[in-house]
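Report on one structure; see the data block that follows.
Every chain is numbered from 1 and lettered A, B, ... according to where its sequence line falls, protein lines coming before strand lines.
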Amino acid sequence: MIIPTLQTDRLTLRGPEAGDWPAFRDHFLSDRSIYTGGPYEDPKRAWILFAAEIGHWHLHGFGMWSVTLKDGTPIGLVGCWYPDGWPEKEIGWLIWEPYEGKGYASEAAEAARAQCYGRFGWKTAVSYIHRDNARSIALAKRLGCVLDAKAAHPNPDALVYRHPSPEEVAA
Amino acid sequence: MIELQTSRLTLRLPMLADWPAYRDFYASDAAKHIGGPLPAVRSWYYFAGDRGHWDLHGFGWFTLDDGRGAVGTCGLHIPPHHADVEIGWNVYGAGQGKGYATEAARAVLDWAPSVTDAQRIVSYIDRGNTASKRVAEKLGADFTGEMAAHDPDCEVWLHQRRAA
């Protein structure tokens with residue numbers, strides 16, 4: 001499939017490319033990834049995950065976009081995530097450290113969510129967030145998500161934040 | 001869409017329908033020489049990564065399909081921690097003992113010069129994986145006497161160069 005490219009005011013969302021690897025690797029080898037499965041001691045695991053980000057698009061028809069500034073600088077990954085073991089399709093975000101705190105994640109996540117509900121036809125979406133990841137929880141709330149305590153989770157540390165429905169987002 | 005044909009197999013890009021067979025293989029003892037056994041929540045990333053490799057390098061792992069579904073994988077890959085492009089092969093339980101790995105790997109080696117200008121194509125084979133070494137020998141590869149820089153348990157087998 002051709003991965004669609006999206007534009008927001010400040011960002012471009014495009015398919016992950018080989019040039020995105022160094023920043024991705026550095027993130028998953030650092031403590032920054034503590035709430036998303038890392039940090040990995042072995043860069044091999046980070047590389048398999050990186051390649052899987054791309055393969056995910058071909059297997060499912062949706063996936064995580066590489067988010068870049070308008071000058072092309074990659075700043076993270078935001079989009080759709082549905083690996084084995086995930087009870088539902090997720091909207092996820094990873095922003096590399098120097099670019100945090102500027103509202104980029106919410107800007108990209110809103111654009112991604114519009115695609116989930118539009119192009120990909122999702123009826124609902126969740127974000128799985130580590131219970132200690134306060135920044136990510138705050139972001140989910142800014143996106144209109146509410147804690148869904150009854151929903152199944154992929155692991156015991158994950159809280160399930162449910163996104164507003166397609167109708168609520170459109171309203 | 002890249003696809004190779006051999007007398008008994010179709011080599012095609014991995015798709016979601018291939019996942020259960022891949023998962024079951026990686027969860028079994030048969031995967032002990034390639035980093036397994038692994039639970040599905042780990043092996044899924046290998047599976048998706050195999051597919052993603054194609055976008056990164058223009059080559060990658062094929063699913064081997066005998067007409068009834070996935071019976072294994074074979075392909076070329078070059079993760080950043082590998083010194084050389086590797087050809088690898090995995091045949092799942094029911095398909096073993098039929099020469100599928102050799103048949104598929106021959107097709108991949110013939111195809112390799114059209115997608116990579118690598119001077120060396122190797123196989124990194126766990127020292128205890130006698131079945132895989134036998135396949136390498138049948139393919140005309142030679143053990144270099146060296147162990148892989150990324151894994152001291154893996155022998156480096158060098159394949160004969162094909163003309164482009």
Side-chain angles (χ1 to χ4, degrees), chain A residues 1-3 14-26 28-29 33 36-38 40-66 77 79-87 89-90 92 128 152-158, chain B residues 1-2 12-27 31 34-36 38-63 70 73 75-83 86 88 116 124 148-154:
Chain A
M1 73 171 295
I2 307 288
I3 300 174
R14 56 154 174 78
E17 298 171 357
D20 303 333
W21 158 242
F24 183 95
R25 174 197 61 210
D26 293 349
F28 275 96
L29 295 181
S33 62
T36 53
Y40 296 142
E41 288 180 13
D42 186 348
K44 275 185 262 184
R45 278 195 69 181
W47 194 82
I48 289 161
L49 179 58
F50 179 69
E53 301 279 356
I54 301 170
H56 188 294
W57 277 99
H58 298 288
L59 296 171
H60 284 310
F62 53 81
M64 298 284 281
W65 282 273
S66 188
L77 289 181
C80 323
W81 197 230
Y82 192 44
D84 187 82
W86 256 225
K89 296 191 279 288
E90 182 188 15
Y128 298 121
H153 53 69
N155 62 68
D157 287 327
Chain B
M1 182 67 74
I2 298 166
R12 55 166 176 76
L13 298 188
M15 55 189 189
L16 199 55
D18 304 333
W19 164 237
Y22 190 103
R23 174 195 65 205
D24 293 349
F25 174 73
Y26 258 96
I34 53 165
L38 285 177
V41 292
R42 286 282 306 279
S43 61
W44 191 86
Y45 297 96
Y46 286 70
F47 178 65
D50 285 357
R51 181 61 186 84
H53 190 288
W54 285 92
D55 287 31
L56 292 168
H57 292 290
F59 54 84
W61 289 86
F62 294 97
T63 290
T73 59
L76 299 174
H77 72 151
I78 175 95
H81 49 281
H82 280 193
E86 179 184 23
T116 173
Y124 300 115
H150 69 275
D151 185 341
D153 289 327
C154 278

Quick one: of B/Ala17, B/Pro14, B/Pro79, who has the most non-hydrogen atom pairs under 4.5 Å with chain A?
B/Pro79
Could you please state which residues from residues 16-23 of chain A sit under 4.5 angstrom from chain B, measuring non-hydrogen atom to non-hydrogen atom, sorted by number, or 'none'?
A/Glu17, A/Ala18, A/Trp21
Are B/His81 and A/Asp42 close enough that some pair of their side-chain heavy atoms sits under 4.5 Å apart?
no
The ring pair (Phe, Tyr, Trp, His ring centres under 6.0 Å) partners of A/Tyr40 (sequence neighbours excluded) come to A/Phe28
Sequence-distant partners of B/Arg12, salt bridge (Lys or Arg N to Asp or Glu O under 4.0 Å), two or more places apart
B/Asp18, B/Asp65
Reported CH2-to-CG distance for the pair B/Trp19 and A/Asp84, which is rounded to 0.5 angstrom
5.0 Å
Name the option with the most non-hydrogen atom pairs under 4.5 Å to chain A; the candidates are B/Gly60, B/Ala40, B/Ala48.
B/Ala48
Pairs satisfying side chain to side chain donor-acceptor pair (under 3.5 Å), at least one member in residues 38-48 of chain B, at least two apart:
none
At a 4.5 Å cut-off on heavy atoms, which part of B/Pro39 comes close to chain A: side chain, backbone, both, or neither?
neither
With a 4.5 angstrom heavy-atom cut-off, which part of B/Trp54 approaches chain A: side chain, backbone, both or neither?
neither
For A/Arg45, is it the side chain, the backbone, both, or neither that has a heavy atom closer than 4.5 Å to a heavy atom of chain B?
side chain
What residue, out of A/His58, A/His60, A/Arg25, has the most heavy-atom pairs lying under 4.5 Å from chain B?
A/His58
A/Ala51 versus B/His53, closest heavy-atom pair with distance
CB-N, 4.4 Å
Rounded distance (nearest 0.5 Å) linking atom OH of A/Tyr82 with atom CG of B/Leu16
9.5 Å
